[in-house]
Amino acid sequence: MNIRVIRAQPLRLMSVHAHPDDESNKGAATLAKYAAEGVDVLVVTCTGGERGDVLNPAMDRADVRENLPRIRRAEMAAAREILGVRQRFLGFVDSGLPAAGEPLPDGCFAAVPLEEPTEALVAVIREFRPHVVITYDETGGYPHPDHIRTHEVTVAAFEAAGIPDRFPGTGRPWQPLKLYYQGALSKAWFQALHDGMTARGIPSGMEEVLSEFGEDTPAPEFTTRVPCAEYFPVRDRALLAHATQVAPNAGFMLHDRDTERDVWPTEDYHLARSHVEVSLPEDDLFAGVGPA
């Protein structure tokens, strides 16, 4: 266990995501936990999810599809309230998920020059002044162009925000102290839940998902595991607020919650950058962060 340092409030945490709903299925219990403990939490959503599909069959109607950008913003507002966090759209347009060989749509998030969204995120960092930033690793978590670009933009902004002559006019320089990559939905997580439910005589339904990872999938390299099982119900409510994306009787909503709390009571991260001395492994994203 880490020895917590005494530090002034408020601590500030920024979590950068590609689309509305990503914040609720990747690290939402962590966000809710820290918000409940008095940390100022800001979710930055790079795009509006305009080109996303309607993944909940109950919501797959013409009126929903025609108004998807507005509906997804309303869903994001509801999820933000449930999690107890602030949220801001960075203002770029969803790239969609082009088929192999298809070009990206003109002007979409993944197609604009990297400097443009980097400058926009630097401005938010300099205004909010987070101590800790979370985003995806270089794979994006999965190969969606917006997730990969979110990684690229966040890393570039993390490194640029503290340099005075980078992006002048976007506020006073501010260097976040730690950058983490999400470790959500790993093969290890699916395997632990599958084994746990099987041992309890509960059908897991995860065989197909596990087979998609392949036998040679490397074990995740987590440096930081945040205990947050008591906030899993908050996570679930926030996820269900994204009704166009999440059906209450399918996918992530199906696994047994008691089993999850028993076998995997944490949300997990990899510390990618740190400007403070750390001792790994950690159980706190703010470990080593002194008085603000």
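The structure displayed is predicted, hence computed values, not measured ones. Just so it is clear, the values below take in all heavy atoms, side chains as well, and ignore hydrogens, waters and symmetry mates.
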Output every pair passing ring pair (Phe, Tyr, Trp, His ring centres under 6.0 Å) with a member in [range], not counting sequence neighbours, ordered by first then second residue.
range: residues 35-86; value: none
range: residues 58-78; value: none
range: residues 74-108; value: Phe92-Phe109

Linking Ile, Leu, Val, Met, Phe, Trp and Tyr by side-chain heavy atoms under 4.5 Å, what else ends up with [X]?
X: Ile71; result: Val54, Met59, Val64, Leu68
X: Leu97; result: none
X: Leu55; result: none
X: Val122; result: Phe167

Taking distance alone, no hydrogens or angles, what donor-acceptor pairs closer than 3.5 Å link side-chain atoms of residues 214-222 to residues at least two apart or in another chain?
{"from": "Thr217", "atom 1": "OG1", "to": "Phe213", "atom 2": "O", "distance (Å)": "2.3"}
{"from": "Thr217", "atom 1": "OG1", "to": "Gly214", "atom 2": "O", "distance (Å)": "3.1"}

For the aromatic rings, using the six-membered ring if either is Trp, is the centroid distance between His147 and His19 under 6.0 Å? yes
Excluding sequence neighbours, so at least two apart, what forms salt bridge (charged side-chain N to carboxylate O under 4.0 Å, His left out) with [X]?
X: Arg70; result: none
X: Glu75; result: none
X: Glu207; result: none
X: Arg129; result: none

